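Beneath this line is the structure, given in structure tokens, with notes to follow.
When reading the values below, keep in mind they use all heavy atoms of this one structure, side chains included, and skip hydrogens, waters and symmetry mates. We number each residue from 1, following the sequence as shown. These figures come from a predicted structure and were not determined experimentally.
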Amino acid sequence: KENLFVPWFQPIMDIRENKITHYEALARMYENDGTVVQPGIVIDIAEWFGLINSIDQMIISKALRLHSTLGKNADKLTFCMNVSGKNVGDADFLSFLKDALGLAGVDPKNFIFEITETSAVSDFSRAAKFIKELKSIGCRIAMDDFGVGFSSFLYLREMEVDYIKIAGS
């Protein structure tokens, strides 16, 4: 309600070409005194209380607005944004994404939506449909935390992901 969430942009580098290929928009929350709340704490609580949808929407909306203000330079800039497992496959959230991209007037090819392997395989058909819808309008998909769940290259092929982020563990 108090608009304390902001996107922080972390550069993602292609190590073969030694250049930044896109930026991941990470959700960060500020306390009233300006300190940053640890993201793990915020996300866990938000998911527990059913607030993660609002946070996803806030961060995505702010990232889209920023992208749309960059003018002709925006075509060279790609943002990657996390989608909570609770939102993967949700028809209302998918409608929000499509509407938000349209309202911002941005090119969907400049946006990568990141989902975790665990959320994708927990309801494979729903996640695959969600991914297919986003790809049909030009967005790309990253599979995050690959190797944590029931890792399978079959899932990757069936879901047609564009990027794989291998879990650090």
[X] side chain near [Y] side chain, heavy-atom distance below 4.5 Å:
| X | Y | result |
| --- | --- | --- |
| Leu101 | Leu64 | yes |
| Phe79 | Ile112 | no |
| Arg126 | Asp90 | yes |
| Met13 | Thr21 | no |
| Phe111 | Val106 | yes |
| Val36 | Tyr30 | yes |

Report the residue from Met58, Met29, Lys62 that forms a side-chain contact (heavy atoms from CB on, under 4.5 Å) with Val6.
Lys62
Would the His22 and Phe9 ring centres measure less than 6.0 Å apart?
no
Expected output: side-chain Ser61 to main-chain Gln57 donor-acceptor under 3.5 Å
yes
Any sub-3.5 Å donor-acceptor pair from His67's side-chain atoms to Asp107's backbone N or O?
no
Gap separating the [atom1] atom of [X] from the [atom2] atom of [Y], nearest 0.5 angstrom:
| X | Y | atom1 | atom2 | value |
| --- | --- | --- | --- | --- |
| Ile55 | Glu47 | CD1 | CD | 9.0 Å |
| Ser84 | Ile52 | OG | CD1 | 5.0 Å |
| Leu94 | Ile131 | CG | CD1 | 11.0 Å |
| Thr78 | Tyr23 | OG1 | OH | 10.5 Å |
| Asn87 | Ile115 | CG | CD1 | 11.5 Å |
| Ile141 | Lys132 | CD1 | NZ | 13.0 Å |

Asp56 with Lys86: basic N within carboxylate O range, under 4.0 Å:
no
Can you tell me if Lys129 has over 12 outside heavy atoms packed within less than 6.0 Å of its NZ?
no
Identify the heavy atoms of [X] and [Y] that sit nearest to each other, and give their distance.
| X | Y | result |
| --- | --- | --- |
| Ala25 | Asn82 | O-ND2, 4.2 Å |
| Glu2 | Asn32 | OE1-OD1, 3.5 Å |
| Arg140 | Asn110 | NH2-CA, 4.4 Å |
| Pro7 | Ile59 | N-CD1, 3.7 Å |
| Cys80 | Glu114 | SG-OE1, 3.1 Å |

With a 4.5 Å cut-off on side-chain heavy-atom distances among I, L, V, M, F, W and Y, is there a chain of contacts connecting [X] to [Y]?
| X | Y | result |
| --- | --- | --- |
| Trp48 | Val42 | no |
| Leu4 | Leu51 | no |
| Ile20 | Leu66 | yes |
| Phe113 | Ile137 | yes |
| Val83 | Ile43 | no |

Worked check of side chain to side chain contact (heavy atoms under 4.5 Å, CB included) between Arg28 and Val37:
CA-CA 7 Å; Arg28 296 296 181 260; Val37 179; over 6 Å; no
Should the ring pair Phe130 and Phe93 be called parallel, tilted or perpendicular, given that the plane angle runs from 0 to 90° and is split at 30 and 60?
parallel
Go through the steps for Glu160 and Lys135 under the test side chain to side chain contact (heavy atoms under 4.5 Å, CB included), then give the verdict.
CA-CA 9 Å; Glu160 301 178 29; Lys135 289 182 71 76; 4.0 Å; yes
Determine, step by step, whether Phe5 and Ser54 satisfy the side chain to side chain contact (heavy atoms under 4.5 Å, CB included) criterion, reporting the C-alpha distance in whole Å, the side-chain angles of both residues, the deciding distance to 0.1 Å, and the verdict.
CA-CA 10 Å; Phe5 284 93; Ser54 298; over 6 Å; no
